[in-house]
Amino acid sequence: MDWIALFNMQKQLDSYIEENHGLLKADLFDKKILALLVELGELANETRCFKFWSKKPRNNQTVILEEYVDVIHFLMSIGINKGYDSFDSKTNQLINRSEVDQFQIVYEQTIMYKNSPTKANYEQLFSSCIDLGNLLGFSEEDIQHAYREKNEINYKRQNQGY
């Protein structure tokens with residue numbers, strides 16, 4: 001996975017947004033953390049993994065991947081915010097836990113990173129997000145392709161006054 005290229009794309013998008021919204025000197029870390037948590041919630045909602053009371057099936061994989069990539073956008077952005085602009089993608093081992101458990105791990109690690117934004121905490125959070133993507137059935141190629149597509153959409157939205 002070419003994380004360096006994706007981080008560079010994210011840096012450019014973040015700069016573009018910050019410049020266009022007059023936020024070049026703003027501290028956006030807490031807002032980006034909340035955005036990540038919200039995107040995680042939207043992703044969980046599309047998987048319906050926690051909706052034990054409902055018989056409605058999960059959304060299709062395309063929609064779930066789009067939501068997952070929104071998580072990746074904010075995940076990279078919060079790292080960039082603290083000077084972490086890479087991730088060493090190791091072959092993650094097959095995890096044997098439920099989607100609910102993995103979502104909760106990612107939520108907990110997001111708060112841990114918010115409270116202590118160290119590189120070690122960021123790498124642990126990033127790895128757990130990748131584990132979540134794997135658990136949801138996404139390959140690195142799926143993620144990279146979807147990220148690039150969503151990045152283009154994000155620029156279009158910015159240019160349309162989103």
Side-chain angles (χ1 to χ4, degrees), residues 1-4 6-7 9-11 13-14 17 27-151 153-154 157:
M1 179 80 141
D2 188 3
W3 286 112
I4 292 173
L6 297 187
F7 269 96
M9 291 173 69
Q10 188 64 46
K11 280 184 204 175
L13 178 62
D14 287 353
I17 291 169
D27 181 1
L28 301 174
F29 183 71
D30 286 342
K31 289 180 180 180
K32 289 179 180 185
I33 290 286
L34 181 56
L36 174 59
L37 293 169
V38 168
E39 293 299 340
L40 280 166
E42 290 178 5
L43 174 61
N45 201 45
E46 295 301 337
T47 70
R48 303 182 63 78
C49 64
F50 64 96
K51 295 189 176 190
F52 58 89
W53 61 88
S54 177
K55 293 183 180 183
K56 185 178 172 184
R58 68 195 296 129
N59 214 324
N60 67 54
Q61 281 295 91
T62 302
V63 171
I64 293 171
L65 179 57
E66 289 172 10
E67 291 298 335
Y68 178 75
V69 167
D70 287 343
V71 169
I72 296 298
H73 270 85
F74 281 104
L75 176 64
M76 288 193 295
S77 190
I78 65 171
I80 291 166
N81 189 275
K82 296 297 182 185
Y84 313 134
D85 58 0
S86 65
F87 177 70
D88 184 16
S89 171
K90 303 169 189 86
T91 304
N92 290 356
Q93 298 193 13
L94 193 59
I95 55 173
N96 188 21
R97 66 177 66 98
S98 71
E99 290 176 0
V100 170
D101 288 342
Q102 191 63 34
F103 271 106
Q104 290 174 342
I105 287 168
V106 175
Y107 270 102
E108 290 167 2
Q109 289 179 346
T110 301
I111 297 304
M112 187 182 323
Y113 177 66
K114 176 194 178 296
N115 293 330
S116 180
T118 65
K119 183 147 180 74
N121 284 344
Y122 182 67
E123 288 175 354
Q124 187 174 23
L125 170 58
F126 207 112
S127 183
S128 292
C129 282
I130 297 304
D131 288 345
L132 177 60
N134 291 336
L135 192 58
L136 294 172
F138 304 130
S139 69
E140 288 186 347
E141 293 77 26
D142 294 334
I143 296 166
Q144 189 161 347
H145 179 74
Y147 177 89
R148 291 178 186 279
E149 285 183 353
K150 186 61 183 263
N151 198 56
I153 291 168
N154 286 339
R157 286 179 173 172

Subject >> Interatomic spacing from OG1 in T110 to CD in Q124 - rounded to 0.5 Å >> reply: 11.0 Å
Subject >> SG-CZ distance between C129 and F103, expressed to the nearest 0.5 angstrom >> reply: 9.5 Å
Subject >> Main-chain N/O of Y113 paired with S116 side-chain donor or acceptor, under 3.5 Å >> reply: no
Original post:
In Å and rounded to the nearest 0.5 Å, what is the CG to CD distance from L40 to Q104?
Top reply: 12.0 Å
**OP:** Identify the two heavy atoms, one from L37 and one from I111, that lie closest to each other, and give their separation to 0.1 Å.
**Re:** CD1-CD1, 3.8 Å
**OP:** Would you name the heavy atoms of F138 and I143 that are closest together and state the gap between them?
**Re:** CB-CG1, 4.0 Å
**OP:** Identify the heavy atoms of Y147 and L6 that sit nearest to each other, and give their distance.
**Re:** CD2-CD2, 3.3 Å
Original post:
Could you walk me through whether E99 and R58 pass the salt bridge (Lys or Arg N to Asp or Glu O under 4.0 Å) check?
Top reply: CA-CA 12 Å; E99 290 176 0; R58 68 195 296 129; 3.1 Å; yes
**OP:** Would you sort out whether I33 and F29 count as a side-chain contact (heavy atoms from CB on, under 4.5 Å), showing the intermediate values?
**Re:** CA-CA 6 Å; I33 290 286; F29 183 71; 3.9 Å; yes
Subject >> Close side-chain approach of D70 to L43, heavy-atom, < 4.5 Å >> reply: no
Subject >> Test log, rule side-chain contact (heavy atoms from CB on, under 4.5 Å), inputs I130 and W3 >> reply: CA-CA 12 Å; I130 297 304; W3 286 112; 3.4 Å; yes
**OP:** Determine whether the side chains of H145 and E149 contain a donor N or O and an acceptor N or O closer than 3.5 Å.
**Re:** yes
Original post:
Residues in side-chain contact (heavy atoms from CB on, under 4.5 Å) with A35, at least two apart?
Top reply: F74
Original post:
Going by heavy atoms in the side chains, are T118 and N121 under 4.5 Å from each other?
Top reply: yes
**OP:** Decide whether E46 and Y68 meet the rule of one side-chain donor and one side-chain acceptor closer than 3.5 Å.
**Re:** no
Original post:
For Q102, what residues pass the side-chain contact (heavy atoms from CB on, under 4.5 Å) criterion, not counting sequence neighbours?
Top reply: I95, R97, I105, V106, S128, D131, L132, L135
**OP:** Could you tell me whether E67 and K150 have a side-chain N and a carboxylate O separated by less than 4.0 Å?
**Re:** no
Subject >> Nearest-0.5 Å distance, CD1 of residue I17 to CG of residue L13 >> reply: 4.0 Å
Original post:
Mind checking whether M9 and R148 have side chains closer than 4.5 Å, heavy atoms only?
Top reply: yes
Would you give me the side-chain donor-acceptor pairs under 3.5 Å for residues 75-84, sequence neighbours excluded?
unit_1, atom_1, unit_2, atom_2, d
S77, OG, D14, OD1, 3.3
S77, OG, D14, OD2, 2.8
S77, OG, K32, NZ, 2.9
Y84, OH, P117, O, 2.7
Y84, OH, K119, N, 3.1

Original post:
Do E42 and E39 pass the side-chain contact (heavy atoms from CB on, under 4.5 Å) test, and can you show the C-alpha distance, the side-chain angles, and the key distance before you say yes or no?
Top reply: CA-CA 5 Å; E42 290 178 5; E39 293 299 340; 3.0 Å; yes
**OP:** I would like to know whether N154 and H73 meet side-chain contact (heavy atoms from CB on, under 4.5 Å); could you show each step before the answer?
**Re:** CA-CA 10 Å; N154 286 339; H73 270 85; 3.4 Å; yes
**OP:** Quick one: pull up OG1 in T47 and CG in N45 and give me the separation to the nearest 0.5 Å.
**Re:** 8.0 Å
Original post:
Distance from L28 atom CG to L34 atom CG, nearest 0.5 Å?
Top reply: 12.5 Å
Original post:
Any idea how F87 and F126 line up, ring-wise: parallel (<30°), tilted (30 to 60°), or perpendicular (>60°)?
Top reply: parallel
Original post:
Below 4.5 Å, heavy atoms only, C-beta onward: do V69 and N151 meet side chain to side chain?
Top reply: no
Subject >> I4 atom CD1, neighbour heavy-atom count above 12 within 6.0 Å >> reply: no
